[in-house]
Visitor: 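Below: one structure in structure tokens.
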Amino acid sequence: MKFQLSQIRKNNRKILSNFSYLAILEIFILIAPLITYPYLIKVLGRELYGWVITAQVTASYCTVLIEFGFKRISARHIAINSNNPIKMSEVVSTILTLRWALWIISFLLYFTIIWFIEAYRTQLLLFLLSFLTTLSSVMFLDFYFQGTENMKYITIINIIVRGLFVAATFIVITKPSDYIFVPLLWSLGYVLGGAISLWVTFFKHKLSFNIPRKTLLTQHLREGSIIFGSDAMLTIKDKLNYNIMGALLGMSDIVIYDIGSKISGLLQKPVTILSTALFPKMAKAPSVSVAKKILLLIIIVTTAMVAIANIFLPWIVKFFIAEEIDITAIRLYTLAPIILGVSSFIAVNIFYVFGKDKLILNSTIVTTIGYLVLLASMYFSGHLNSVFAFVFLTITSLAIEAIYRGVMCRKIFSERS
């Protein structure tokens with residue numbers, strides 16, 4: 001028995017190593033924001049921190065354009081050519097060239113939009129410094145490390161970057177006027193992480209940078225376009241609320257909405273890790289009965305977690321923000337993990353596993369249309385007048401997505417039964 005376990009560990013050493021590094025990274029990503037968030041709200045206040053969040057969210061739209069779906073596509077190319085340094089150099093060189101070109105284009109678009117929105121123009125420096133965080137999407141070659149199964153570099157670099165930011169936050173930001181340093185610290189950390197990533201790739205792993213051929217540039221743009229379209233729609237659905245809320249309600253209310261989003265994200269994380277861990281096994285042996293059992297387990301576990309979280313919610317919210325606030329909207333937001341848990345599992349572990357990839361894009365289109373229609377209806381009827389209304393908009397759009405995916409999932413199960 002001991003020999004068999006030893007043999008299993010030996011045969012799967014690479015997989016176990018990568019999984020361990022990813023688990024460490026996930027835990028650290030969960031902890032890092034929890035440490036800085038309460039401190040920043042306390043020092044900066046809700047209004048200024050609302051501006052910081054808004055600038056960060058606005059800059060993140062550019063990240064979608066810069067990445068252009070390359071991450072998943074390029075990781076596959078690297079994996080296929082993992083024993084061919086010349087081919088890997090071609091892929092890395094092509095992606096870096098495209099990312100820098102898209103970064104310049106996105107900056108011009110970003111600056112134009114910020115300049116023509118008067119309220120944003122008053123915080124021009126904050127928005128410009130926030131844009132520098134997008135350098136992470138240019139310089140950090142995560143797809144290369146994923147493709148070569150060197151996940152330890154992703155873990156180590158991310159922990160260094162986030163760890164430096166956490167430490168620097170308490171040292172540098174000590175009064176409200178220091179709010180401008182928040183995106184600057186992020187930017188410096190991301191640039192450092194990106195620089196380390198490039199050093200490992202080109203010096204330690206000895207890849208070379210070459211001016212890519214036009215055919216390679218065109219190929220990667222074409223391959224990434226579908227994923228880019230899906231990511232762009234998801235970004236609009238998930239983040240547009242922040243910008244509209246800032247314009248209609250004020251920056252301080254954004255903090256309440258963001259706290260709900262953070263708590264929801266924490267509650268959803270266990271299911272995300274579970275889905276990721278189960279994916280390889282389900283991909284090798286697709287099973288309707290197993291998928292049904294896991295879906296039921298996800299519903300039970302997330303419902304129990306949400307129920308427990310709601311019992312302790314006043315104290316949880318108190319951890320994030322000391323002042324008394326109405327937590328009704330946050331309570332509503334805690335329903336998101338139940339909906340997202342089911343919806344994301346169907347997308348990754350059922351649609352992908354059973355070869356129905358296009359249904360993911362279709363569900364994104366349906367959800368985005370539903371979100372925009374509901375947004376317009378609530379705006380013109382005068383109902384976008386509270387944080388609760390924006391959370392309702394979010395939960396409803398997530399429900400539309402889950403319902404669509406659930407209906408398609410039943411069809412797949414019927415076909416396979």
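One-based numbering along the sequence shown.
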Visitor: Which atom names give the shortest non-hydrogen contact between Pro212 and Leu217, and what distance separates them?
Guide: CG-CD2, 3.7 Å
Visitor: Determine yes or no for a side-chain-to-main-chain donor-acceptor pair under 3.5 angstrom, with Ser187 supplying the side chain and Leu129 the backbone.
Guide: yes
Visitor: Can any side-chain N or O of Ser93 pair as donor or acceptor with the backbone N or O of Glu90 at less than 3.5 Å?
Guide: no
Visitor: Test side-chain hydrogen bond (donor to acceptor under 3.5 Å, both in side chains) on Tyr242 and Asp258; report intermediate values, then the result.
Guide: CA-CA 8 Å; Tyr242 283 89; Asp258 194 55; 2.7 Å; yes
Visitor: Of Ile53, Val52, Asn243, which meets side chain to side chain contact (heavy atoms under 4.5 Å, CB included) against Ile254?
Guide: Ile53
Visitor: Can you confirm if the aromatic rings of Tyr144 and His205 lie within a centre distance of less than 6.0 Å?
Guide: yes
Visitor: Could you label the plane-to-plane angle of the Tyr37 and Phe320 rings as parallel, tilted or perpendicular, counting under 30° as parallel and over 60° as perpendicular?
Guide: perpendicular
Visitor: Any side-chain to backbone donor/acceptor pair from Thr122 onto Ala119? Under 3.5 Å, distance only.
Guide: yes
Visitor: Can you tell me how far OG1 of Thr302 sits from CZ of Phe345, rounded to the nearest 0.5 angstrom?
Guide: 12.0 Å
Visitor: If you compare all heavy atoms of Ile316 against all heavy atoms of Ala309, which two are closest, and at what distance to 0.1 Å?
Guide: CD1-O, 3.8 Å
Visitor: Do we see a donor-acceptor contact under 3.5 Å between the side chains of Tyr179 and Glu47?
Guide: no
Visitor: So, for Ile311 and Pro314, which heavy atoms are closest and what is the spacing to 0.1 Å?
Guide: O-CD, 3.9 Å
Visitor: Where does the angle between the aromatic ring planes of Phe390 and Tyr257 fall among parallel (under 30°), tilted (30 to 60°) and perpendicular (over 60°)?
Guide: perpendicular
Visitor: Is the closest side-chain heavy-atom distance between Trp100 and Ile104 below 4.5 Å?
Guide: no
Visitor: Do the side chains of Leu359 and Ile412 get nearer than 4.5 Å, heavy atoms only?
Guide: yes
Visitor: Once the angle between the rings of Trp103 and Phe131 is folded into 0 to 90°, is it parallel (under 30°), tilted (30 to 60°) or perpendicular (over 60°)?
Guide: tilted
Visitor: Would you compute the distance between atom CG of Asn362 and atom OG1 of Thr367 and round it to the nearest 0.5 angstrom?
Guide: 10.5 Å
Visitor: How would you list, by chain and number, every residue that makes a ring pair (Phe, Tyr, Trp, His ring centres under 6.0 Å) with Tyr39, sequence neighbours excluded?
Guide: Phe170
Visitor: Please name the pair of heavy atoms, one in Leu249 and one in Ser386, separated by the smallest distance, quoted to 0.1 Å.
Guide: CD1-C, 3.5 Å
Visitor: Taking distance alone, no hydrogens or angles, what donor-acceptor pairs closer than 3.5 Å link side-chain atoms of residues 191-202 to residues at least two apart or in another chain?
Guide:
unit_1: Ser197; atom_1: OG; unit_2: Leu141; atom_2: N; d: 2.9
unit_1: Thr201; atom_1: OG1; unit_2: Ser197; atom_2: O; d: 2.8

Visitor: Any chance you could measure Thr58, atom OG1, to Gln123, atom CD, to the nearest 0.5 Å?
Guide: 12.0 Å
Visitor: Main chain of Lys175, side chain of Asp178: is a donor-acceptor contact present, judged purely on distance under 3.5 Å?
Guide: yes
Visitor: Which atoms form the tightest heavy-atom contact between Leu295 and Cys409, and what is the distance?
Guide: CD1-SG, 4.4 Å
Visitor: Should Glu323 and Arg46 count as an ion pair when the cut-off is N to O under 4.0 Å?
Guide: yes
Visitor: Going by heavy atoms in the side chains, are Leu240 and Leu375 under 4.5 Å from each other?
Guide: yes
Visitor: Under the side-chain hydrogen bond (donor to acceptor under 3.5 Å, both in side chains) rule, what do Tyr379 and Asn385 come out as? Steps first, then yes or no, please.
Guide: CA-CA 9 Å; Tyr379 174 76; Asn385 54 6; over 6 Å; no
Visitor: Measure from the side-chain N and O atoms of Tyr404 to the backbone N and O of Thr364, and report whether any donor-acceptor pair falls under 3.5 Å.
Guide: no
Visitor: Using salt bridge (charged side-chain N to carboxylate O under 4.0 Å, His left out), reason through Arg99 and Glu67 one step at a time and then give a plain yes or no.
Guide: CA-CA 7 Å; Arg99 281 181 172 181; Glu67 293 186 346; 5.4 Å; no
Visitor: For the backbone of Ile339 and the side chain of Ser343, can you confirm whether one donor and one acceptor N or O come within less than 3.5 Å of each other?
Guide: no
Visitor: For Trp115, does the CH2 atom sit with more than 12 other heavy atoms under 6.0 Å from it, leaving out its own atoms?
Guide: no
Visitor: For a quick test of reading the model, state the closest non-hydrogen atom pair linking Lys239 to Ser60 and the distance between them.
Guide: NZ-OG, 3.0 Å
Visitor: Quiz question: by atom type and distance under 3.5 Å, do the side chains of Asn210 and Ser89 form a donor-acceptor pair?
Guide: no
Visitor: Show your working on salt bridge (charged side-chain N to carboxylate O under 4.0 Å, His left out) between Lys411 and Glu415 and close with a plain yes or no.
Guide: CA-CA 6 Å; Lys411 289 184 178 181; Glu415 292 170 0; over 6 Å; no
Visitor: Donor-acceptor pair, distance only, cut-off 3.5 Å: does the side chain of Ser264 make one with the backbone of Gly260?
Guide: no
